[in-house]
Trainee: 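Pasting a structure here, questions to come.
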Amino acid sequence: MNVLVLSSSPRRNGNSALMAQAAADGAREAGHRVEFAYLSDHVQGLLRDCRTCRAVDGACTIGDGYERLLLDQVVPADGLIIATPLYWYGMSGALKTFFDRMFCYTSGSATDGDGVAAGLMGKRVAVTIACEESYRGATLGVIAQFQELTRYLHQELVGVAVGIGNSRGEVAADPARPLEHAADLGRRLFDARITDYRIDTPRSNRVWAAPDPERVGTP
Ligand SMILES: Cc1cc2nc3c(=O)[nH]c(=O)nc-3n(C[C@H](O)[C@H](O)[C@H](O)COP(=O)(O)O)c2cc1C
């Protein structure tokens, strides 16, 4: 499978990039092909009013690398690993702009809106977050946002790894071992079981395969 890592901190050797790297290593270990993209190399302009900056044929005219990133790397990927520092209890501005500008390529007046929308659907997505504060509430909002935007895009949110740190590279010292969690997410990006039941969803009373009776009781 093809995996694209989107790293969205301006600190290339910072904590979220380290977590992204760990997730990428995990995905490679599982045999997937991984590409790495720093958003700051591709996205310079904020979303504008499309009525004033869209070309007559509907194309976006903001002249940075966003379009190539979206069409050549994001759309063809089977899975995304999205890395962000926590900024003001949300995602980084660069990552928010990445999502904001996607609108120009999926709305009714975009040149190939249906094609881009179809290409965005069905991906498996893992998120890694680096932040200073460890209390659960700090990341609740941004995790809810990822849950909703992946639901909207018909993508599967496989998991979220949160690492606590502030100085560059400090997540490596987090006793909760977020780098291992991130690597595990990358490894299981396409295998992790995601369930979202309704009351009438047919299912057995077990979630995982029954243990092998031959092995029960063996050390
Ligand atoms: C603009 C800005 C806003 C921040 N807001 C928060 C915050 O709301 N909560 C928090 O825990 N850490 C916050 N931090 C700290 C970063 O999340 C933390 O330093 C993180 O490790 C940075 O990741 P990076 O090295 O990938 O850039 C903020 C840092 C910056 C620069």
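Remember, it's 1-based here, ligands and their atoms both numbered in the order they're listed.
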Trainee: Can a side-chain donor-acceptor contact be found between Ser16 and Thr84 if the only test is distance below 3.5 angstrom?
Mentor: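 Distance-only check fails for Thr84 and Ser16.
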Trainee: Is the centre of the Tyr38 ring less than 6.0 Å from the centre of the Phe36 ring?
Mentor: yes
Trainee: For the residue pair Arg54 / Ser107, report whether a side-chain donor-acceptor contact shorter than 3.5 Å exists.
Mentor: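 Judged by distance alone, the side chains do pair up.
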Trainee: Evaluate Leu157 against Ile194 for side-chain contact (heavy atoms from CB on, under 4.5 Å), listing each step before the verdict.
Mentor: CA-CA 8 Å; Leu157 181 61; Ile194 314 295; over 6 Å; no
Trainee: Please determine whether salt bridge (Lys or Arg N to Asp or Glu O under 4.0 Å) holds for the pair Arg198 and Asp196, giving the CA-CA distance in whole Å, both sets of side-chain angles, and the decisive distance to 0.1 Å.
Mentor: CA-CA 7 Å; Arg198 298 298 179 270; Asp196 177 9; 2.7 Å; yes
Trainee: Measuring from each atom of ligand 1, which residues have a heavy atom under 4.0 Å away?
Mentor: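 Within 4.0 Å of ligand 1, protein side: Ser9, Arg11, Gly14, Asn15, Ser16, Pro85, Leu86, Tyr87, Trp88, Tyr89, Ala130, Cys131, Glu132, Glu133, Gly165, Asn166.
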Trainee: Using distance alone, with no hydrogens and no angle criterion, decide if Gln44 and Tyr66 have a side-chain donor and acceptor under 3.5 Å apart.
Mentor: no
